[in-house]
A.B. asks: 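Dumping the structure here so I can ask a few things about it.
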Amino acid sequence: MLKKYFDWTPRDVAQWETIRKKGFWRFTLWYGLFSGGIIFVIPGVWALIDWVMDLLSGRAATNSLSFLALKLLIIAVICVLAGIVNALATWVMEERIYQTHYNTR
């Protein structure tokens, strides 16, 4: 199964070379924000549902809109950080594979 990660097609190599030309920081920012946004969906929806359930049950301490906003902000920051870590790990792995197997220079 791991063999497929190291056996890139010429199209995969060309695609990675295009990404490399755009730069490390651009990849990290865009891929990090994208993957962080995807990571945010589940805990964000969970927090929203939890807030609505608290609102319907009458729990006064956690049913304010500012509490929800703060909770979603904290979740968003954590998810963006997780997305950036994911982007860094992806860059390192892809670059190592490229340098080891496909760099012809």
Side-chain angles (χ1 to χ4, degrees):
M1 175 161 167
L2 289 176
K3 189 174 192 271
K4 77 174 191 167
Y5 294 110
F6 298 101
D7 288 339
W8 290 0
T9 64
R11 180 176 170 236
D12 295 332
V13 174
Q15 185 179 17
W16 182 248
E17 288 173 346
T18 303
I19 291 170
R20 288 179 83 234
K21 286 178 187 172
K22 292 179 182 175
F24 169 77
W25 291 110
R26 181 174 176 176
F27 175 82
T28 302
L29 178 66
W30 286 108
Y31 189 74
L33 288 176
F34 177 73
S35 61
I38 290 173
I39 296 168
F40 176 78
V41 170
I42 292 173
V45 169
W46 186 354
L48 185 61
I49 290 171
D50 186 43
W51 180 77
V52 169
M53 296 303 284
D54 285 348
L55 190 62
L56 293 174
S57 70
R59 290 187 218 153
T62 60
N63 65 1
S64 71
L65 192 55
S66 61
F67 180 78
L68 174 64
L70 179 63
K71 197 176 200 181
L72 289 174
L73 179 65
I74 291 169
I75 292 170
V77 168
I78 291 169
C79 289
V80 166
L81 290 175
I84 290 172
V85 168
N86 181 37
L88 291 171
T90 301
W91 179 276
V92 168
M93 182 186 74
E94 298 286 332
E95 186 64 16
R96 185 169 292 159
I97 292 168
Y98 177 77
Q99 290 294 335
T100 304
H101 300 285
Y102 300 102
N103 192 5
T104 56
R105 288 179 228 161

A.B. asks: Between T100 and I97, is there a donor-acceptor pair closer than 3.5 Å when you use the side chain of the first and the backbone of the second?
C.D. replies: no
A.B. asks: Could you tell me whether the side chain of Y102 and the main chain of W8 form a donor-acceptor pair under 3.5 Å?
C.D. replies: yes
A.B. asks: Are L72 and L65 connected in a single hydrophobic cluster, I mean Ile/Leu/Val/Met/Phe/Trp/Tyr linked by side-chain heavy atoms less than 4.5 Å apart?
C.D. replies: yes
A.B. asks: Is the CD1 atom of I38 crowded by more than 12 outside heavy atoms at less than 6.0 Å?
C.D. replies: yes
A.B. asks: Any side-chain heavy atom of V77 within less than 4.5 Å of one from I74?
C.D. replies: no
A.B. asks: Taking only residues two or more places apart in sequence, or in another chain, which ones meet F40 in a ring pair (Phe, Tyr, Trp, His ring centres under 6.0 Å)?
C.D. replies: none
A.B. asks: Measuring from atom CG of L81 to atom CG of N86, what distance do you get when rounded to the nearest 0.5 angstrom?
C.D. replies: 12.5 Å
A.B. asks: Between L55 and I49, is there shared hydrophobic-cluster membership here, with clusters defined by ILVMFWY side-chain heavy atoms closer than 4.5 Å?
C.D. replies: no
A.B. asks: Should E95 and R20 be marked as a salt bridge (charged side-chain N to carboxylate O under 4.0 Å, His left out) after you check the CA-CA gap, both sets of side-chain angles, and the distance that decides it?
C.D. replies: CA-CA 9 Å; E95 186 64 16; R20 288 179 83 234; 2.8 Å; yes
A.B. asks: Would you indicate whether the side-chain heavy atoms of D50 and K71 approach each other to under 4.5 Å?
C.D. replies: yes
A.B. asks: Determine the interplanar angle of the W16 and W91 rings, folded into 0 to 90°, and report it as parallel if under 30°, tilted if 30 to 60°, perpendicular if over 60°.
C.D. replies: tilted
A.B. asks: Rounded at 0.5 Å granularity, tell me how far CG in L73 sits from CD1 in I78.
C.D. replies: 10.0 Å
A.B. asks: More than 12 non-hydrogen atoms from neighbouring residues, nucleotides or ligands closer than 6.0 Å to CZ on F34, yes or no?
C.D. replies: no
A.B. asks: Please tell me whether L68 and L56 are part of a single hydrophobic cluster in this structure, the criterion being side-chain heavy atoms less than 4.5 Å apart.
C.D. replies: yes
A.B. asks: Locate the shortest heavy-atom distance separating I75 from A47; write the atom from each residue and the value.
C.D. replies: CD1-CB, 3.7 Å
A.B. asks: Do the side chain of W51 and the main chain of S64 share a donor and acceptor less than 3.5 angstrom apart?
C.D. replies: yes
A.B. asks: Mind checking whether Y98 and M93 sit in one hydrophobic cluster, side chains of I, L, V, M, F, W, Y counted as touching below 4.5 Å?
C.D. replies: yes
A.B. asks: For the side-chain contact (heavy atoms from CB on, under 4.5 Å) test, which of Y31, W30, F24 pairs with T28?
C.D. replies: F24
A.B. asks: Could you pull out the closest heavy-atom pair between A82 and I39, with the gap in Å?
C.D. replies: CB-CD1, 4.1 Å
A.B. asks: Say you draw a straight line from CG of L88 to CD1 of I84; how long is it, rounded to the nearest 0.5 Å?
C.D. replies: 7.5 Å
A.B. asks: Identify whether W25 and L33 are in the same connected component of the hydrophobic contact network (ILVMFWY, side-chain heavy atoms under 4.5 Å).
C.D. replies: yes
